[in-house]
Amino acid sequence: MSSLPSLLSARVAAVTGVDPELRPATKPQFGHFQSNVALRLANAEGRRARDVATEIVAKLEIADLCEPPEIAGPGFINFRLRTDVLAAAVTDQLAEPGLGIVAADRSETVVIDYSAPNVAKQMHVGNLRSTIIGDCLHRVLAAVGHRVIPQNHIGDWGTQFGMLVEQIMLDGTDVLSLDLAGAEAVYQRANAHFKADPDFATAARRRVVALQSGDPETRQVWRQLLEISKAAFNAAYARLGVLLTDADLAGESIYNDDLAAVVAELEESGIAVIDDGALCVFVEGFNAPMIVRKADGGYGYSTTDLAAVRHRVRNLHANRIIYVVGAPQSYHFDQVFAVSRLAGFLPADVRAEHVAFGQVLGADGKKFSTREGTAVTLNTLLDAAEEQAAPAVAMAAVKYADLSTGLNKDYVFDVGRMVQTTGNTGPYLQYAHARMSQVLRKADAEGYGEQTKVLVLDEPAEQTLALLLTRYGEIVDEVAETLQPHRLCAYLYDLAGALSIFYEQCPVLKSTGDVRDSRLALCVATKRVLASGLNLLGIEALDRM
RNA sequence: GCCCCGGUAGCUCAGUGGAUAGAGCAGCAGCCUUCUAAUCUGUCGCGCGUAGGUUCGACUCCUACCCGGGGCGCCA
């Protein structure tokens, strides 16, 4: 099964001998696809580009696919698909369950590490990005046939739990009576206490040891903190409609028992050396070593991340590991990957990628701080969104606002922007879908039948829509490869825009015969592709708005 | 000091080395007895941080610099 562009591309390559680099035309008057192959060849051969283009066009055998190609500008070759070919392509697409999404050549086991909220802290808008980007990548990779293993690497371990548990036991607090805001307040109090009172600090450090060595009383409090946190996380996930469940929880704590073994392997292989009392791994290209065991004998998060890589490769059999974590961690992950390669935890044929997203900044352009209370909690944002629109629409607005821009850019948090429902937004896509549902409902009521064949495609608005529809599969492929959800957003926005123009210019229910049947089939195809694409974004496709 | 990310229209952002750099928002002007006006049409507005370089061709690649943000041994 090959797509129209790849078929055409192969035909052109047969004449030119090189990849024609067929691209979607930048403007409608340039047809459907354009190639600059003549310009490149002309330069290499020292000839005039238009002459080369003329020669190529004369040799092309593509009459079964295209109108006669046109040579334009300095030597571009413009292709316009025959409308019957385009119509047939949509008909074929409609017959496929995947709507043009094709399974990857090789199905991989992909571990995606995302969301990762901290236990005993409320989720804030920063957690939102990891959660919804990860959820989208999860859906996209699964759609192209990969086995996806989500890993929610929650922050459920480390020194902060020493002070937290110590404070709770000191106060005699019943943890199960706390909500997350309450737990977070205890954490902030413990933090201040830790700084102000050396005796408390000592007790807190002892408490960390007790936690790690499995002291029953300490573990009991810790488990309760975990419990109330999980309940809150799950409530947030349900509200957002993301795929994560308790089965995907794989927090820092589960690697506790692996840490000594990981370090032992590093020592045995001679990769790790003692420096300044700490066990370090020096890797070329990094200006600081990775500390895998602190001078006091404790382990930090680097060791946990190494253990996670090792586990994901050895036990989960990952072919690809994706970390959806903020951009400030880039250096850390580069180092984790590099050390993992050295240590053999990460074989050369396993890809490891850090999907680094920019930070969410406050209105002042500064980083949000949980400690200073400037961070906006997830629930505050979602509440604000739901003041603007019904929950499903509000979630669409929030998610799309986050997914539709490039990932690596910081953004200033602006509720007004995130809950926008007009223009290039999630609700606009939902609206396009709802309109199609409405048309098809009415068609059904009129007894026009389920149309699945596009027979005529005379109007430019129909052709533009059809051409866009056929691109769906390649776009999903691109996102699976590049891990850039905003490309899918841009595509769906273009599709919805083309649909709106079609809707304005091409009456469906008032037309007759083959024209009506074809338009109905276009409506079905567009509705399905929108529904599929929205689903990949984690946005609900609505039948009415 | 070194490293990473960003700088494109008033604002928020797209932009596969290729044609006259595009969207949304905001502004202005229009279209609702016609399949949903969360739509659509028109209009105003940028020559892509700066300076060089490579190339037939640069927002895109290279070099230097400026501005903003982030990171860089025992927090996670």
Side-chain angles (χ1 to χ4, degrees), chain A residues 21 23-27 29-30 34-36 39-40 42-43 46 48-49 72-76 78 116 118 155 157-160 252 275-280 282 285-302 304-305 326-332 334-335 356 358-359 361 365-367 389 393 397 401 404-406 408-412 414 416-417 420-432 434-443 446 478 482 486-487 489-490 493-494 496-497 499-501 503-511 519 523 544-545:
Chain A
E21 295 185 6
R23 301 278 183 262
T26 51
K27 291 189 191 318
Q29 68 262 34
F30 298 149
Q34 60 189 37
S35 172
N36 58 36
L39 284 92
R40 284 180 287 127
N43 188 43
R48 286 184 20 189
F76 291 98
N78 294 334
N118 287 315
W157 209 240
T159 52
Q160 72 274 23
E252 296 168 352
D275 192 84
D276 252 352
L279 188 66
C280 301
F282 289 86
F286 293 88
N287 59 12
M290 174 186 282
I291 291 174
V292 296
R293 191 180 60 216
K294 298 186 284 186
D296 67 4
Y299 303 112
Y301 84 139
S302 291
T304 304
D305 279 336
Q329 306 282 342
S330 290
Y331 180 86
H332 168 69
D334 284 348
Q335 201 168 30
Q359 298 188 91
L361 307 174
K366 301 286 183 199
K367 193 175 164 181
V393 176
S404 60
T405 64
N408 49 356
K409 199 174 258 195
D410 291 349
Y411 70 71
V412 173
D414 175 356
R417 184 181 66 83
Q420 191 84 33
T421 63
T422 60
N424 186 359
T425 63
Y428 175 74
L429 302 183
Q430 290 178 312
Y431 180 67
R435 273 177 147 183
M436 285 305 97
S437 295
Q438 173 87 326
V439 170
L440 294 171
R441 267 196 303 272
K442 293 200 169 177
E446 296 290 330
E478 264 179 32
T482 64
H486 79 279
R487 292 182 183 225
C489 293
Y493 179 65
D494 285 346
L499 180 68
S500 288
I501 293 168
Y503 187 88
E504 294 281 322
Q505 299 180 356
C506 304
V508 178
L509 301 175
K510 293 203 164 94
S511 55
R519 288 178 180 174
C523 288
R544 294 177 202 274
M545 285 177 75

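Hydrogens, waters and symmetry mates are skipped; everything else that's a heavy atom, side chains included, is used. Letters go in sequence order (proteins before strands), and every chain restarts at 1.
- Residue Arg441(A) places its CZ atom among more than 12 non-hydrogen atoms of other residues, nucleotides or ligands, all under 6.0 Å distant.
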Each nucleotide N or O in nucleotides 20-22 of chain B that has a protein N or O under 3.5 Å away: list the pair and distance.
residue	atom	partner	partner atom	Å
rG22(B)	OP1	Lys27(A)	NZ	2.9

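- Distance CD (Gln329(A)) to C1' (rC4(B)): 13 Å, rounded to an integer number of Å.
- Considering only residues two or more places apart in sequence or on other chains, Tyr431(A) meets the side-chain contact (heavy atoms from CB on, under 4.5 Å) condition with Arg435(A), Met545(A).
- For rG57(B), the base is anti relative to its sugar; the glycosidic angle deviates from 0 by more than 90°.
- Phosphate proximity of rC35(B) to Gln438(A): absent, as no side-chain N or O sits under 4.0 Å from OP1 or OP2.
- The phosphate of rG24(B) (OP1 or OP2) has no side-chain N or O of Asn424(A) nearer than 4.0 angstrom.
- Classification of rC32(B) as syn follows from a glycosidic angle within 90° of 0.
- Rounding to whole angstrom units, CG of residue Asp414(A) and C1' of rA26(B) are separated by 13 Å.
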Would you list the protein and nucleotides 40-43 of chain B atom pairs, both N or O, that sit under 3.5 Å from each other?
residue	atom	partner	partner atom	Å
rC40(B)	OP1	Tyr428(A)	OH	2.7

For nucleotides 12-18 of chain B, 5' to 3', base contacts (B), sugar-phosphate-only contacts (S) and non-contacts (-) with protein non-hydrogen atoms under 4.0 Å give SSSSB-B
Read 5' to 3' with Watson-Crick or G-U pairs under 3.5 Å, [ ] for crossing pairs and | for partners on another strand, RNA chain B gives (((((((..((((....[...)))).((((.........)))).....(((((..]....))))))))))))....
Which protein N or O atoms sit under 3.5 Å from an N or O of nucleotides 72-74 of chain B?
residue	atom	partner	partner atom	Å
rC72(B)	O2'	Asn287(A)	OD1	2.7
rC72(B)	O2	Asn287(A)	ND2	3.4
rG73(B)	O6	Asp275(A)	OD2	3.2
rC74(B)	O2	Ala295(A)	N	2.7
rC74(B)	N4	Asp276(A)	O	2.8

